[in-house]
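Labels below follow one simple rule: chain letters A, B, ... track the order of the sequence lines, proteins then strands, and each chain is numbered from 1.
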There are 2 protein chains.
Amino acid sequence: MAGRPTNRDERYIQVMKALVRCVARYGLDGASLSHIAKEARLTRPLIRHHVGNREDMITGLTDFVLKSFDDQTAAMVSCLPNERPSSALIDLLFSEDAVSEPDMVLAFAALTARSLDDAKLRRRCRETLLDFEAAIADTLRHDHGDADDAALGAAAHGIMALYFNLTSLAPLDMPKSWQNHARGLAHELLEKLDQPS
Amino acid sequence: MAGRPTNRDERYIQVMKALVRCVARYGLDGASLSHIAKEARLTRPLIRHHVGNREDMITGLTDFVLKSFDDQTAAMVSCLPNERPSSALIDLLFSEDAVSEPDMVLAFAALTARSLDDAKLRRRCRETLLDFEAAIADTLRHDHGDADDAALGAAAHGIMALYFNLTSLAPLDMPKSWQNHARGLAHELLEKLDQPS
DNA sequence: ATATTAACTGTCAATAGTGACAATAAATTA
DNA sequence: TAATTTATTGTCACTATTGACAGTTAATAT
């Protein structure tokens with residue numbers, strides 16, 4: 001008694017990826033169904049069939065983006081080596097690949113802006129961001145266990161800020177010196193942890 | 001032979017401010033004329049009368065936002081004291097006021113995202129941003145003339161990144177420790193310039 | 001007071017975007 | 001092959017948004 005096999009899950013992420021791409025460029029309201037359909041190489045009614053109406057799409061997008069961030073955070077810390085994980089983390093965050101695909105960060109920025117009048121969304125974005133920062137701080141603690149929490153938190157904040165800024169400004173195609181500056185400053189933050197004043 | 005006096009200029013900036021506010025929340029496409037009219041406390045046809053059709057509005061917005069940044073940059077450096085202008089600059093950038101009004105930065109972020117498929121816009125945004133960074137570097141040079149250009153550029157980049165990140169994430173209402181971290185790290189960048197390795 | 005200029009209002013057609021539903025095609029099991 | 005489940009397509013009504021124009025009111029100079 002089973003019918004045609006469902007491809008709901010693949011279609012769902014297919015649509016979500018297209019949605020992320022559109023939201024990154026045109027914002028939450030600028031991502032029309034036609035635009036998404038074209039980006040996902042699907043028809044408009046099909047999108048509705050898989051992910052529901054527009055309101056469902058937006059809530060689905062926030063779940064998708066925030067979960068992607070959480071997964072990325074978890075994957076990030078789990079794939080680090082035992083030897084000097086801090087340095088590896090920075091090389092990972094400021095690698096070519098990470099910076100060249102800014103769509104997810106831009107979509108997150110769109111959600112951030114929308115948080116201005118959506119308390120629940122604001123709480124969720126904040127939580128995700130704090131987890132990200134905490135993950136960085138934990139990684140730093142691994143290499144610099146003797147540094148105090150305030151210094152670790154500050155360094156983690158700096159690394160996070162450098163990463164977010166570089167990635168969200170990626171569409172401007174800034175000179176490569178920016179990437180070098182960012183990575184260099186991040187490494188300096190590490191060195192600073194070794195020499196507590 | 002002169003008629004009713006025109007208030008085109010005041011109305012224009014009145015509409016532009018409302019537009020910046022709307023774009024900050026809802027993106028370029030999400031800022032509908034009705035929304036802008038409500039925000040500016042004007043009627044929709046009146047907006048058209050003063051700033052033209054939608055396309056005119058968007059080009060007007062980019063001019064307004066980028067010029068505001070340029071003006072802010074110029075005003076920033078001109079109002080600094082002769083004594084330790086670098087430190088005053090940081091206190092200015094990371095003051096309560098600067099961070100609590102993120103609309104302009106968020107609108108700039110929306111323009112940045114749109115730059116993904118608009119080469120001309122990308123060039124203009126990049127130019128504005130580089131000028132901002134250069135202004136910071138010049139200010140730093142005033143206090144740390146013996147530091148080399150690479151170090152100055154890196155420090156300026158770090159300060160810029162910390163400022164942009166903090167301001168663009170302001171809608172999330174992050175804990176105050178973030179603002180303290182950002183300002184503290186910026187000051188550390190200054191101190192680092194005094195002790196060249 | 002009258003002419004003149006521009007701000008302001010009201011309104012309507014055209015378009016874009018969305019929601020919803022019916023109908024068809026495809027793929028699986030019994 | 002028949003039944004069943006789901007993907008896929010086609011289509012239409014409804015709403016939101018925009019563009020454009022005519023007409024009205026307000027404020028100045030002569």
Side-chain angles (χ1 to χ4, degrees), chain A residues 1-64 107 110 113-114 117-118, chain B residues 1-64 107 110 113-114 117-118:
Chain A
M1 314 319 197
R4 178 173 179 171
T6 179
N7 56 356
R8 202 175 185 82
D9 292 349
E10 350 173 12
R11 282 282 190 250
Y12 191 86
I13 65 170
Q14 179 182 2
V15 173
M16 280 303 156
K17 285 184 178 178
L19 181 54
V20 166
R21 221 176 135 79
C22 291
V23 167
R25 282 162 180 69
Y26 310 113
L28 285 176
D29 294 300
S32 71
L33 290 180
S34 313
H35 226 133
I36 301 165
K38 187 181 178 184
E39 185 71 40
R41 297 177 165 276
L42 294 176
T43 62
R44 188 176 70 79
L46 199 50
I47 290 185
R48 170 177 172 75
H49 173 68
H50 284 295
V51 305
N53 64 13
R54 184 169 186 78
E55 187 181 348
D56 299 330
M57 281 189 52
I58 298 303
T59 61
L61 175 76
T62 70
D63 292 344
F64 183 77
R114 181 58 57 91
D117 40 29
D118 186 335
Chain B
M1 313 314 197
R4 178 174 179 169
T6 179
N7 56 357
R8 202 175 185 81
D9 293 348
E10 350 172 12
R11 282 284 189 247
Y12 191 86
I13 63 169
Q14 179 182 2
V15 172
M16 280 303 155
K17 286 184 177 178
L19 181 54
V20 166
R21 219 176 136 78
C22 290
V23 167
R25 282 163 180 68
Y26 310 113
L28 285 176
D29 294 299
S32 71
L33 291 180
S34 311
H35 226 133
I36 301 165
K38 187 180 178 184
E39 186 70 41
R41 296 178 166 276
L42 294 176
T43 62
R44 188 178 69 81
L46 199 50
I47 291 185
R48 171 177 171 75
H49 174 69
H50 284 294
V51 304
N53 64 14
R54 184 169 185 79
E55 187 181 350
D56 300 329
M57 281 189 53
I58 298 303
T59 62
L61 175 75
T62 70
D63 292 343
F64 183 77
R114 182 58 57 92
D117 40 30
D118 185 337

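In terms of position along DNA chain D, the nucleotide closest to B/G52 lies nearer the 5' end than the nucleotide closest to the other residue of the pair B/R4 and B/G52. Positionally, the nearest nucleotide of DNA chain D for A/P45 lies more toward the 5' end than for the other of B/P45 and A/P45.
Judged by distance alone, with hydrogens and angles left aside, the side-chain atoms of B/D56 form a donor-acceptor pair with the main-chain N or O of B/N53 at under 3.5 Å.
Residue A/A24 comes nearest to B/A113 through the heavy atom pair O-CB, 3.1 Å, listed as atom of the first residue, atom of the second, then distance. When all heavy atoms of B/R44 and B/S34 are compared, the pair lying nearest together is CD-OG, 4.1 Å.
Nucleic acid contact for B/R8: sugar-phosphate only, since backbone atoms but no base atoms lie under 4.0 Å from a heavy atom of the residue.
Summarising the geometry, the separation between CD1 on B/I47 and P on D/dC21 is reported as 19 Å, rounded to the nearest angstrom. Distance CG (B/L46) to P (C/dC8): 5 Å, rounded to an integer number of Å. In this entry the distance linking CD of A/E55 with C1' of C/dG19 reads 13 Å, nearest Å. B/H35 has its NE2 atom 9 Å from the P atom of D/dT17, to the nearest Å. As a whole-Å value, the separation of B/L42 CG from C/dA7 C1' is 11 Å. Atom P of nucleotide D/dA16 and atom NZ of B/K38 are separated by 14 Å, given to the nearest angstrom. Between the CZ atom of B/R11 and the C1' atom of C/dC8 there is a distance of 9 Å, given to the nearest Å.
Side chains of A/Y26 and B/D117: a donor-acceptor N/O pair is present below 3.5 angstrom, by distance only.
Between atom CZ of residue A/R54 and atom CD1 of residue A/I47 there is a gap of 10.5 Å, rounded to the nearest 0.5 Å. Put simply, CZ on B/R8 and CD on B/E10 are 12.5 Å apart, with the number rounded to the nearest 0.5 Å.
For residues 12-34 of chain A, proximity to DNA chain D is found at no residue, defined as any non-hydrogen atom under 4.0 angstrom from a strand atom.
In the interface, the side chain of A/R44 is not paired with the base of D/dG10 through any donor and acceptor atom under 3.5 Å apart.
For D/dT9, one of the phosphate oxygens OP1 or OP2 lies less than 4.0 angstrom from a side-chain nitrogen or oxygen of A/T43. Taking 4.0 angstrom as the limit, B/T6 places none of its side-chain polar atoms (N or O) nearer than this to OP1 or OP2 of C/dA6. OP1 and OP2 of D/dG19 both lie 4.0 Å or more from every side-chain N or O belonging to B/R54. The phosphate of D/dT8 has OP1 or OP2 within less than 4.0 Å of a side-chain N or O from A/H50. Close to D/dT8, at under 4.0 Å from its OP1 or OP2, lies no side-chain N or O of A/H49.
In this structure, B/R25 does not pair ionically with A/D29, as no charged nitrogen and carboxylate oxygen lie closer than 4.0 Å.
Considering only side-chain atoms of A/N53, the nucleotide from D/dT18, D/dT9, C/dG19 that sits closest is C/dG19. Here D/dA20 is the nucleotide among C/dA27, D/dA20, C/dA7 with the atom lying nearest to any side-chain atom of B/R48.
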Subject >> Residues B/M57, B/L33; criterion side-chain contact (heavy atoms from CB on, under 4.5 Å); working and verdict >> reply: CA-CA 10 Å; B/M57 281 189 53; B/L33 291 180; 3.3 Å; yes

